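Here's the structure, in structure tokens; my notes come after.
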Number of protein chains: 2
Amino acid sequence: MAPTAKQSFERTRLQDVARSAGVSLATVDRVVNRRSGVREKTIRRVEEAMDQLGYRLDPMARRLARNQNFRFLFILPTGTNSFMMQLREQVERTAEWATSQRGFIDMIEVDVFDAEALAQTLDQLDEAYHGVATVALDHPRVRVAIDDLTQRGIPVITLVSDVPYSRRLHYVGVDNPAAGRTAASLMGRFLARQDGTIGLLVGSLSLRDHAERHFGFNQVLAHDYAHLKMLPVVEGRDDYELSKALVTEMVENNPDLIGLYSAGAGNRGIAQALTESGKAGQVVWIGHELTPHTRRFLFQGTMDAVINQDSGHEVRSAARLLLAHCWGEPVLEDQERIRIDIFIKDNIP
Amino acid sequence: MAPTAKQSFERTRLQDVARSAGVSLATVDRVVNRRSGVREKTIRRVEEAMDQLGYRLDPMARRLARNQNFRFLFILPTGTNSFMMQLREQVERTAEWATSQRGFIDMIEVDVFDAEALAQTLDQLDEAYHGVATVALDHPRVRVAIDDLTQRGIPVITLVSDVPYSRRLHYVGVDNPAAGRTAASLMGRFLARQDGTIGLLVGSLSLRDHAERHFGFNQVLAHDYAHLKMLPVVEGRDDYELSKALVTEMVENNPDLIGLYSAGAGNRGIAQALTESGKAGQVVWIGHELTPHTRRFLFQGTMDAVINQDSGHEVRSAARLLLAHCWGEPVLEDQERIRIDIFIKDNIP
DNA sequence: GTGAAAGCGCTAACAA
DNA sequence: TTGTTAGCGCTTTCAC
């Protein structure tokens, strides 16, 4: 059925190509790495030999021989909301793995709401870094800082929150308008044949991801479920206490509240507000990010669905992209696509 | 803010440990790889030096020096249903990647419904293979074959469909009872405040994954949505034509059909049956696996939700696990967990 | 028990 | 423009 080991295992090496093309190792290396200083004619001869023998460069050997190391900085928001804490933990885990790939990851925290602080951090980046991954803030000052870094040859990856139109190497995160639409569709379907009012809570509309989720949610609800009335959006600043107060007020002022979408953090406050007002399990509540808290709320039936982005996947993806970029290696695009996960109580991992 | 490159980049090498412990490279190597022939005393001396210097073995160099190659066989079901075709395509893509990791993947097809055929394939496995990944059939004959291979030192990974109680190295696939429960919860919620009958279609109840999904679906529907009447399950053998016929009949005989759960393949047939009977978009239809077809049905509104397992992730995961096992390297467990994806029209990737 | 030395497949500095 | 050679960090034979 299958050939024996010896037969099919012989990878062709640079050496084989060199011999077959009648040139030296160094010359083949030059051709493979598209370095200058080789005659057109020789190049062709080598290339012929290469695809005749089906040559594939061995990335392991290449990395070893290059003997390079890379340093990356991950910039995450300060604050204690569960999702960001998860993200930080994932960075730590990933750092360990990256070490074995000759990648050294440092992490610092900045205030996400402060464009100036983030921009300065980027501007003053230690030149020892070979790349940056940052939970970004979409602000002109930040965009310029990203572009400058990119200009200087330091790739920037935006993580979780994007800065479109900047020259970042890659955005690693979900499609937030789509995430908002997803929440709206679920809300609409869960509320089939019911009339009433829907509440909307975000962290801050000046955060691009929250604004986009809000936008997507609105779009679908207004279009497909026009019979549901939407309250004006309120901003909880991803804060536990404030969110609680806002939701409590919302419930009191709107006896016909049947749905609540929270596009940001502060879920613990929301749960308390709903529970204390006796609305837990009555109001359809959809929020974001699977954390120990939201997990519990789902199980309890307080929360009906969680729209999630996999923080582990995101951080690993950012690290892989940065490493691949620095090593000049290809990327498996569809391994890096971040999914919009939907979790209900039955498919929690 | 950050130290310069030189400073923090010096990884400690085997050489450093050797010097510090006052022994040779070979001896440290023996200790690191737990090989025999080193005095207890020397071992301790080396180990001390190791964790004093914080030594971490370089997997790149290790792989290169070992100069080994591994061959793996992926066994997939014959047949043309979209999911299995996707799976085969992913194997091809992954094979390319694996080559760069010194892993050579072959693929063959066997009839999933034929336990004997699968068992024989396993029994007669070419000894050149270092590992197997198979879409398995949970049957005693197959279980024994898996255990025998494992006994012979050839690791087996069950893919998509598991054989519990066998000695397989790992199961790469979703929790199928949970997938069924997920489908049921969505069904129940989408049908809020409606009464009627739910149809159930599987490929075959002798396929473990289908049976488990059926089980999970039943469980939740009977418990949480007892007002909905469930029809007896029918088997479509994952066949387009047969599934179409069965659903057509189901619709005709049950004017009050309001929901349909298909735990197997054959979705194209179901879509046709629903469309031709004018029930498309009326009946809440939930099925499995995101394919070009189900994707279209979601967009059209014919299908309401798809429960998915990421075939790309599954195949890559199987390959990574096999490679890590052969190289004796650790695994990032939570990178290998296969999620139960829920897709509705808004979060399709 | 332990050590010296020759690779693994590639890169990079230096020669020619 | 091309070739020679000395590594990269580890494993593996073979000698002591």
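All values below come from the heavy atoms of this structure, side chains included, with hydrogens, waters and symmetry mates left out. In what follows, every chain begins at residue 1, and chains take the letters A, B, ... in the order their sequences are listed. Please read all numbers here as calculations on a predicted model, not as lab measurements.
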Next on the checklist: Tell me whether B/Arg71 forms a cation-pi arrangement with B/Tyr129, defined as NZ or CZ under 6.0 Å from the six-membered ring centre and within 45 degrees of its axis.
Outcome noted: yes
Item to check | Residues forming a salt bridge (Lys or Arg N to Asp or Glu O under 4.0 Å) with B/Arg30, sequence neighbours excluded | outcome: none
Next on the checklist: Should the side chain of A/Arg102 and the base of D/dG9 be counted as holding a donor-acceptor pair, with the cut-off at 3.5 Å?
Outcome noted: no
Checklist outcome for this item: Axis-to-axis angle for the helix from C/dG1-D/dC16 to C/dA16-D/dT1, ends of five pairs each, to 10°, equals 40°
Item to check | Contact list for residues 14-25 of chain A, test salt bridge (charged side-chain N to carboxylate O under 4.0 Å, His left out), sequence neighbours left out | outcome: A/Arg13-A/Asp16, A/Asp16-A/Arg19
Checklist entry - Looking at residues 32-47 of chain B, who's got a heavy atom less than 4.0 Å off DNA chain C? => result B/Gly37, B/Val38, B/Arg39, B/Thr42
Checklist entry - First and last nucleotide of DNA chain C in contact with chain B, 5' to 3', at under 4.0 Å to a heavy atom: what are they? => result C/dG1 to C/dG9
Item to check | Expected output: side-chain A/His130 to main-chain A/Pro155 donor-acceptor under 3.5 Å | outcome: no
Next on the checklist: Could you tell me how far apart B/Gln68 (CD) and D/dC10 (C1') are, to the nearest whole angstrom?
Outcome noted: 13 Å
Item to check | Any residue meeting salt bridge (Lys or Arg N to Asp or Glu O under 4.0 Å) with A/Arg167, in chain and number order, not counting sequence neighbours | outcome: none
Item to check | Residues that B/Ala65 engages under side chain to side chain contact (heavy atoms under 4.5 Å, CB included), provided they are two or more places apart | outcome: none
Item to check | Residues in contact with DNA chain D, drawn from residues 53-64 of chain A - heavy-atom cutoff 4.0 Å | outcome: A/Leu64
Item to check | Partners meeting salt bridge (Lys or Arg N to Asp or Glu O under 4.0 Å) with A/Asp310 (sequence neighbours left out) | outcome: B/Arg339
Checklist entry - Hey, is A/Arg44 close enough to A/Glu48 for a salt bridge, meaning N to O under 4.0 Å? => result no
Next on the checklist: Can you list everything that forms a salt bridge (Lys or Arg N to Asp or Glu O under 4.0 Å) with A/Arg66? Sequence neighbours excluded, please.
Outcome noted: none
Next on the checklist: Nearest 0.5 angstrom please: B/Glu109 CD to B/Ile75 CD1, how far?
Outcome noted: 11.5 Å
Item to check | Closest heavy-atom pair and its distance - B/Thr42, B/Thr27 | outcome: CG2-CG2, 4.0 Å
Checklist entry - Rounded to the nearest Å, what distance is computed from the CZ atom of residue B/Arg13 to the C1' atom of nucleotide D/dT11? => result 16 Å
Item to check | Any residue of residues 15-29 of chain A with a heavy atom less than 4.0 Å from an atom of DNA chain D | outcome: A/Val23, A/Ser24, A/Ala26, A/Thr27
Checklist entry - Do the charged groups of B/Arg88 and B/Glu92 touch, with an N to O distance under 4.0 Å? => result no
Next on the checklist: Restricting to side-chain hydrogen bond (donor to acceptor under 3.5 Å, both in side chains), what partner residues turn up for B/Gln86, sequence neighbours left out?
Outcome noted: B/Ser311
Item to check | Flag if over 12 foreign heavy atoms under 6.0 Å of CE, B/Met107 | outcome: yes
Checklist entry - Any donor-acceptor pair under 3.5 Å linking the side chain of A/Asp29 with the backbone of A/Leu25? => result no
